[in-house]
Amino acid sequence: MPEGHTIHRLARDLNRDLAGARLAATSPQGRFAEEAAELDGEAFAVAHAWGKHLFLEWTRAGLVHVHLGLIGKMRRRAGCHEPRGSVRLRLAADALCWDLTGPMVCALIPDAERDEILARLGPDPLREDADVDRFVETVRGSGRSLGVLLLDQAVIAGVGNVYRAEVLFLLGLDPRTPGRALTEAQARELWEEIRRLLRIGVRLNRIVTRDPSEVDATPAKMRSADRLYVYKRDECRRCGADLRTDTVGGRSIWSCDRCQAVAGQAYV
DNA sequence: ATAATATGGTGAT
DNA sequence: TCACCCTATTATC
């Protein structure tokens with residue numbers, strides 16, 4: 001379930017388990033075998049997350065770029081048994097393993113390539129050093145819609161299709177609203193709301209946008225169907241109207257015509 | 001058994 | 001806009 005929250009949580013968990021340790025590195029599936037052999041037995045330094053990108057740094061041996069894509073996963077395996085499924089990369093410490101399956105990208109790269117990747121990414125609300133002003137200026141200077149802008153990793157790094165739909169609902173903004181229709185305060189509010197939601201996502205290791213007090217359950221215990229407001233739903237939770245679905249930026253988005261308006265225009 | 005689906009992204013048309 | 005890549009899980013026949 002990889003939007004930015006997944007990657008940041010993963011980096012945190014990897015660091016807790018593996019930072020500073022000598023790791024066995026293997027590629028049970030075989031497609032990363034040569035590279036794993038170079039890393040095998042070397043000291044792992046640290047994991048970093050930036051948007052949906054994960055960077056694994058070794059002290060001497062190199063730098064691995066991981067992007068989970070739609071279906072990739074990195075799972076902790078206590079006990080380190082025979083790998084299940086097709087594991088591209090296994091990092092093994094004494095009593096536990098981390099197994100990477102189905103990544104869109106898993107590559108040993110030079111530092112310069114990481115710099116290029118980071119240069120293409122917009123600010124990441126989960127990073128303390130994020131440049132909010134850059135986000136605000138990009139959005140307010142654009143004629144593209146908020147629905148398109150939020151999926152563009154060069155505009156803001158880490159938002160995916162679920163957070164996009166949910167944050168626009170929460171702020172009452174129609175996904176078709178052009179970026180330049182937002183006031184500066186609205187653009188900042190958009191950033192802050194995304195940051196708030198992503199942080200909850202990191203903490204719970206899943207996307208939860210609903211207020212748990214509406215659900216009568218602790219966030220971690222909320223059933224999956226209760227965690228969201230609009231994504232993939234038929235009806236608006238607030239007003240009961242049928243949600244509209246559009247394709248915006250090549251992906252489906254759900255929104256409520258009664259609860260979400262194009263900024264600056266009256267509700268229909 | 002086979003198909004559909006998935007919170008992503010790229011490269012060709 | 002479409003085809004395609006990566007894999008696991010769930011739905012349908």
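Letters A, B, ... mirror the listed sequences (proteins, then strands); counts begin at 1.
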Report each atom pair, protein N/O against N/O of nucleotides 8-12 of chain C, whose distance is under 3.5 angstrom.
residue, atom, partner, partner atom, Å
C:dA8, OP1, A:S86, N, 3.3

* Side chains of A:D124 and A:H8: is there a donor and an acceptor less than 3.5 Å apart? -> yes
* Asked: How are the rings of A:Y163 and A:H5 set relative to one another: parallel (under 30°), tilted (30 to 60°) or perpendicular (over 60°)?
  -> perpendicular
* To do: Taking only Lys NZ, Arg NE, NH1 and NH2, and the carboxylate oxygens of Asp or Glu, determine whether A:R22 and A:D94 approach each other closer than 4.0 Å.
  => no
* Asked: Over how many whole Å does the gap from A:I207 atom CD1 to B:dG8 atom C1' extend?
  -> 13 Å
* Without hydrogens or angle criteria, can the side chains of A:N161 and A:R164 be said to hold a donor-acceptor pair below 3.5 Å? -> yes
* Asked: Quantified in whole Å, what is the P atom distance between nucleotide B:dG9 and nucleotide C:dT9?
  -> 22 Å
* Residue pairs, two or more places apart or on separate chains, that pass disulfide (SG to SG under 2.5 Å) and touch residues 86-192 of chain A -> A:C80-A:C97
* **A:R114: which of A:E57, A:H48, A:H53 passes side chain to side chain donor-acceptor pair (under 3.5 Å)** => A:E57
* Quote, to the nearest angstrom, the C1' distance that separates B:dT10 from C:dA8. => 22 Å
* To do: Nearest whole angstrom, please: distance from the C1' of C:dC6 to the CZ of A:R31.
  => 7 Å
* Asked: A:H53 NE2 to B:dT10 C1': how many Å, rounded?
  -> 12 Å
* So, are A:K52 and A:E3 salt-bridged, with charged N and O less than 4.0 Å apart? -> no
* To do: Report the distance from atom CG of A:L68 to atom P of B:dG9, rounded to the nearest whole Å.
  => 10 Å
* **Whether over 12 other heavy atoms sit under 6.0 Å from A:R180 CZ** => no
* Asked: Between A:M74 (CE) and B:dG8 (P), how many Å, whole number?
  -> 20 Å
* To do: Report yes if at least one side-chain N or O of A:R251 is closer than 4.0 Å to OP1 or OP2 of B:dG8; otherwise report no.
  => yes
* To do: Taking only heavy atoms on the protein side, list every residue of residues 106-116 of chain A lying under 4.0 Å from any atom of DNA chain C, sorted numerically.
  => none
* Protein-nucleotide distance (A:F32, atom CZ; C:dC5, atom C1'), rounded to Å -> 17 Å
* Round to a whole Å and report the spacing from CD1 of A:I117 to P of B:dT10. => 10 Å
* Asked: B:dA1 and C:dC6: how far apart are their P atoms, nearest whole angstrom?
  -> 24 Å
* Asked: Which residues, ordered by chain and number, are linked to A:L151 in its hydrophobic cluster, where ILVMFWY side chains connect at heavy-atom gaps below 4.5 Å, directly or through other members?
  -> none
* Salt-bridge criterion met for A:D13 and A:R76 (N-O under 4.0 Å) -> no
* Asked: Under 4.0 Å between a side-chain N/O of A:H67 and OP1 or OP2 of B:dG9, yes or no?
  -> yes
* To do: Answer yes or no: does a side-chain N or O of A:Q29 lie under 4.0 Å from OP1 or OP2 of C:dT7?
  => yes
* At what distance, to the nearest 0.5 angstrom, does CG of A:L197 lie from CD1 of A:I207? -> 9.5 Å
* In whole angstroms, how far is the P atom of B:dG8 from the CG atom of A:L121? -> 14 Å
* All side chain to side chain donor-acceptor pair (under 3.5 Å) counterparts of A:R90, not counting sequence neighbours -> A:D99
* Nucleic acid contacts of residues 151-160 of chain A, taken as heavy-atom distances under 4.0 Å to DNA chain B -> A:Q153, A:G160
* Across the strands shown, which category fits A:R164 at heavy-atom distances under 4.0 angstrom: base, sugar-phosphate, nothing? -> nothing
